[in-house]
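Shown next, in structure tokens, is the structure this report addresses.
Below, read A as the first sequence line, B as the second, and so on, with proteins coming before strands; counting in each chain starts at 1.
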Number of protein chains: 2
Amino acid sequence: MSIAAAALDVRQASRFFKALGDETRLRIVALLSHGELCVCHFEAALGLSQPNASRQLGVLRSAGLVESRREGSWVYYRLAPQLDELSRQQLQALVAAFSRREVIKQDVERLLATRGPDSCR
Amino acid sequence: MSIAAAALDVRQASRFFKALGDETRLRIVALLSHGELCVCHFEAALGLSQPNASRQLGVLRSAGLVESRREGSWVYYRLAPQLDELSRQQLQALVAAFSRREVIKQDVERLLATRGPDSCR
DNA sequence: TCACGACATTCGAATATTGTTATGTCGGTA
DNA sequence: TACCGACATAACAATATTCGAATGTCGTGA
């Protein structure tokens with residue numbers, strides 16, 4: 001299946017949009033545009049319970065929006081390199097647009113406040 | 001609220017994506033890229049029951065994705081001119097990408113077959 | 001006025017999604 | 001080995017979404 005064809009699969013596209021159809025997950029995506037983050041960062045920046053943060057990240061992962069890797073005790077999440085051009089463009093436009101929103105700005109502030117050398121305590 | 005600001009409202013964006021997070025509604029949007037259509041066209045082209053077609057169109061309308069106008073007995077739907085640049089770009093990219101999919105092609109074939117002079121009988 | 005067609009809405013059952021609490025898993029460390 | 005912290009998963013109740021069947025609304029034409 002070509003890259004272009006993958007981009008256009010209707011079922012895949014609906015999963016992609018469904019995953020983005022939630023405020024919390026949109027805010028997670030916005031934070032991830034600042035780079036790799038572990039679960040505890042989302043808990044702190046977005047005020048999520050640990051299981052909830054984990055589950056929302058799981059939704060984004062099954063939709064192919066993010067990837068994760070383990071490093072010691074921590075699991076780091078990052079935006080997945082999108083398989084298709086459509087998803088890539090959508091995500092990029094979204095992140096660029098969101099960076100100006102007040103809600104998102106505050107999320108980022110809280111993020112930076114908790115991302116020092118001792119970030120995950 | 002400026003155009004750019006409207007584009008970036010997190011709640012609004014989540015509604016937008018949520019409305020697109022469904023195969024049927026994605027196919028409706030794809031069909032609408034061919035121009036204004038009335039409810040009976042969606043019933044025929046997508047094999048939807050009348051109440052279901054009406055309801056899905058209602059979801060797209062409350063999310064600001066489509067607009068409608070009545071003409072005699074029929075109600076015509078069209079893609080709404082998006083208030084914000086982000087939504088506009090997302091929709092345009094989506095529609096362009098979908099036009100090549102097999103599922104969508106077949107939808108369009110069925111659409112054209114039922115869109116003659118006696119389209120709504 | 002009545003009947004009909006096109007569409008919208010309501011209702012109810014099935015299903016899916018949500019967030020919390022409790023528990024399980026896996027690395028790191030003693 | 002045992003314990004602890006970070007994260008994932010399970011189980012549950014609350015809520016939301018889904019679709020079909022039935023019903024309501026509105027415009028048209030007799």
Side-chain angles (χ1 to χ4, degrees), chain A residues 10-11 14-28 31-32 36-63 65-78 111 114-121, chain B residues 10-11 14-28 31-32 36-63 65-78 111 114-121:
Chain A
V10 180
R11 187 159 306 160
S14 70
R15 279 199 221 103
F16 176 90
F17 287 119
K18 195 170 192 176
L20 291 177
D22 176 276
E23 283 194 58
T24 299
R25 291 193 291 267
L26 283 179
R27 291 165 73 191
I28 288 177
L31 285 183
L32 281 174
E36 228 180 21
L37 296 170
C38 63
V39 181
C40 65
H41 289 129
F42 300 108
E43 297 179 43
L46 304 182
L48 302 176
S49 68
Q50 182 270 317
N52 196 16
S54 180
R55 203 150 39 93
Q56 303 295 0
L57 287 163
V59 171
L60 290 172
R61 184 169 47 192
S62 3
L65 278 152
V66 307
E67 292 176 350
S68 63
R69 69 181 175 87
R70 177 176 276 275
E71 180 173 324
S73 299
W74 299 278
V75 175
Y76 284 90
Y77 284 84
R78 62 182 175 282
L111 169 65
T114 62
R115 209 172 52 160
D118 301 323
S119 54
C120 299
R121 275 170 297 175
Chain B
V10 179
R11 187 160 307 162
S14 71
R15 279 198 220 104
F16 177 89
F17 288 120
K18 196 171 193 174
L20 291 178
D22 175 277
E23 282 194 57
T24 298
R25 291 193 289 267
L26 283 179
R27 291 165 72 191
I28 288 177
L31 285 183
L32 281 174
E36 228 180 21
L37 295 171
C38 64
V39 180
C40 65
H41 289 131
F42 299 108
E43 296 180 42
L46 305 183
L48 302 176
S49 70
Q50 182 272 315
N52 198 17
S54 179
R55 195 146 14 111
Q56 303 296 359
L57 286 163
V59 171
L60 290 172
R61 185 170 46 193
S62 3
L65 278 153
V66 307
E67 292 175 350
S68 63
R69 68 181 177 88
R70 177 177 276 275
E71 180 172 325
S73 298
W74 299 279
V75 175
Y76 284 90
Y77 284 83
R78 62 182 175 281
L111 169 64
T114 62
R115 210 173 51 161
D118 302 321
S119 55
C120 298
R121 275 171 299 176

Report summary line: Closest of C:dA8, D:dC7, C:dG28 to the A:Val75 side chain is D:dC7

Query raised in the report: Which whole-number value in Å describes the distance from B:Leu48 CG to D:dA21 P?
Result: 14 Å

Requested in this report: Using atom CG of A:Leu57 as one end and atom P of D:dC7 as the other, report the distance to the nearest whole Å.
Outcome: 10 Å

Query raised in the report: Does a distance-only test, which skips hydrogens and angles, find a donor-acceptor pair under 3.5 Å between the side chain of A:Gln50 and the base of D:dA8?
Result: yes

Query raised in the report: Is there side-chain contact between A:Leu20 and B:Leu20, with at least one heavy-atom pair below 4.5 Å?
Result: no

So which protein N/O to nucleotides 14-21 of chain C N/O distances come out below 3.5 Å?
residue : atom : partner : partner atom : Å
C:dT17  : OP1  : A:Lys18 : NZ           : 3.2
C:dT18  : OP1  : A:Arg25 : NH1          : 3.4
C:dT18  : OP1  : A:Arg25 : NH2          : 3.4
C:dG19  : OP2  : A:Asn52 : OD1          : 3.2
C:dG19  : OP2  : A:Gln56 : NE2          : 2.7
C:dG19  : N7   : A:Arg55 : NH1          : 3.4
C:dG19  : N7   : A:Arg55 : NH2          : 2.0
C:dT20  : OP2  : A:Ser49 : OG           : 3.4

Query raised in the report: In whole angstrom, what separates A:Trp74's CH2 from C:dT25's C1'?
Result: 17 Å

Query raised in the report: Can you name the nearest heavy-atom pair linking A:Leu65 to A:Phe16, along with the distance?
Result: CD2-CE1, 3.4 Å

Query raised in the report: Between A:Tyr76 (OH) and D:dA6 (P), how many Å, whole number?
Result: 11 Å

Report summary line: Whole-Å distance, A:Arg69 CZ to D:dA6 C1', equals 15 Å

Query raised in the report: Does OP1 or OP2 of D:dA8 have a side-chain N or O of A:Ser54 closer than 4.0 Å?
Result: yes

Report task. List in chain and number order the residues that pass side chain to side chain contact (heavy atoms under 4.5 Å, CB included) with A:Ser68, two or more places apart in sequence or in another chain; answer none if no residue qualifies. Result -> A:Arg61, A:Val75, A:Tyr77

Requested in this report: Over all heavy atoms of both residues, which pair between B:Ala63 and B:Arg15 is shortest? Give the atoms and the distance, please.
Outcome: CB-O, 3.9 Å

Query raised in the report: A:Phe42 near the nucleic acid: base, sugar-phosphate alone, or nothing, with a heavy-atom cut-off under 4.0 Å?
Result: nothing

**Report entry** Side chain B:Arg25, main chain B:Arg27, donor-acceptor under 3.5 Å
**Finding:** no

Query - For A:Leu60 against A:Ile28, the heavy-atom pair lying closest together - result: CD1-CG2, 3.6 Å

